[in-house]
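Take a look at the structure set out below.
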Amino acid sequence: MEPGNGTQISEFLLLGFSEKPELQPILFGLFLSMYLITVLGNLLIILAISSDTHLHTPMYFFLSNLSLADICFTSTTIPKMLVNIQTQSKAISYAGCITQIYFLILFSVLDILLLTVMAYDRFVAICHPLHYTVIMNPRLCGLLVLVSWIMSILNSLLQSLMALRLSFTVLEIPHFFCELNQMIQLAYSDTFLNNMVMYFSALLLGGGPFVGILYSYSKIVSSIRAIPSAQGKYKAFSTCASHLSVVSLFYCTVLGVYLSSAGTHSSQSSATASVMYTVVTPMLNPFIYSLRNKDIKQALTEFFVKETTNRPIVLRLK
């Protein structure tokens with residue numbers, strides 16, 4: 001890419017949160033802790049689901065894919081930020097910035113699509129329980145996940161290729177990662193087409209799934225209200241409470257980010273708000289699913305007990 005002065009762009013500067021040296025160790029420790037909790041928590045969910053045959057069901061199959069997407073999502077941004085804090089550098093290469101945008105869009109859209117697929121799974125389980133095993137067969141489950149991956153990859157590829165046509169004069173990104181919206185705002189070349197593609201993609205792959213989730217839960221609520229016993233209503237609602245919590249957390253944080261950035265025009269507040277959906281939400285997902293789910297807690301307990309009892313005992317003979 002060539003900016004107005006004719007020199008080639010080699011890197012951008014990620015301004016992050018604060019330039020105060022005394023805050024850098026605190027930020028490093030905080031984000032390292034959150035990253036490790038996110039990776040460990042989601043890995044434990046994947047481990048529990050893969051090790052227990054009772055959890056080889058559509059709901060937990062989608063949950064394991066969501067946990068994998070969350071690990072990749074946070075790994076796109078946090079490690080680079082930790083390296084920059086440790087080396088006291090703000091630089092990210094142009095190729096690295098485009099790559100970060102590509103994977104950030106890919107896994108954020110994949111998160112949304114997987115949450116939508118999980119809402120459909122709960123809809124079928126509660127509204128059509130007698131036909132659940134027939135409708136949610138392994139072939140359909142695999143196809144839904146495959147389509148989610150393909151749509152995410154194609155959308156991310158399109159957005160990244162569109163970003164390659166932009167030219168820049170200002171190379172400072174007021175964020176701790178490369179965000180497509182921020183890059184478009186920094187470009188001095190014509191950004192009309194980029195904005196159109198970005199907003200259309202957000203409407204189609206963000207708004208569309210949200211409408212689908214709302215429709216699924218409207219049907220779920222109607223079915224739950226028709227259940228005569230209070231115990232039956234509670235049992236039906238408890239099967240989708242964790243998913244509803246994650247959906248609410250994800251969409252509320254994303255909406256909060258864009259409302260705060262549009263309302264305040266402060267790069268500091270926008271970067272802080274972005275932490276919610278890029279770091280906090282993936283970190284809380286394992287807690288929401290594991291703390292409210294007896295099956296996962298039991299699977300983890302059995303796994304660790306089995307690993308402990310299966311270890312060979314070495315006797316030292318004197």
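Note that these values count all heavy atoms, side chains included, but never hydrogens, waters or copies made by symmetry.
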For [Y], is there any backbone N or O sitting under 3.5 Å from a side-chain donor or acceptor partner on [X]?
X      : Y      : answer
Ser160 : Leu157 : no
Asn285 : Pro282 : no
Thr76  : Cys72  : yes
Asp52  : Ala48  : no
Ser156 : Tyr102 : yes

Starting from the C-alpha separation in whole Å, work towards a yes-or-no answer on side-chain hydrogen bond (donor to acceptor under 3.5 Å, both in side chains) for Ser201 and Asn155. CA-CA 7 Å; Ser201 173; Asn155 171 69; 2.5 Å; yes
ILVMFWY cluster, Ile101 and Leu158 together (side-chain gap under 4.5 Å): no
Between Leu143 and Leu154, is there shared hydrophobic-cluster membership here, with clusters defined by ILVMFWY side-chain heavy atoms closer than 4.5 Å? no
Between Phe168 and Phe12, ring centroids under 6.0 Å: yes
Do His243 and Phe62 have ring centroids that are under 6.0 Å from one another? no
Measure the acute angle between the ring planes of Phe103 and Phe107, then classify it against the limits of 30° and 60° as parallel, tilted or perpendicular. parallel
Please report the shortest heavy-atom distance between Cys240 and Tyr217, naming the atom on each side. O-OH, 3.4 Å
Decide if atom NZ of Lys233 counts as having more than 12 heavy atoms of other residues, nucleotides or ligands within a radius under 6.0 Å. yes
For the residue pair [X] and [Y], establish whether any side-chain heavy-atom pair is separated by less than 4.5 Å.
X      : Y      : answer
Leu115 : Pro209 : no
Thr77  : Leu104 : yes
Asn194 : Met183 : no
Gln159 : Val197 : yes
Ile92  : Gln100 : yes

Chi angles and distances behind the side chain to side chain contact (heavy atoms under 4.5 Å, CB included) call for Leu14, Phe176: CA-CA 5 Å; Leu14 299 174; Phe176 66 95; 5.8 Å; no
Do Ser75 and Tyr35 have side-chain atoms, one donor and one acceptor, less than 3.5 Å apart? yes
Can you confirm whether the side chains of His54 and Tyr60 place a donor and an acceptor under 3.5 Å from each other? no
Applying ring pair (Phe, Tyr, Trp, His ring centres under 6.0 Å), run through Tyr251 and Phe210 and close with a yes or a no. CA-CA 9 Å; Tyr251 274 97; Phe210 184 64; 4.7 Å; yes
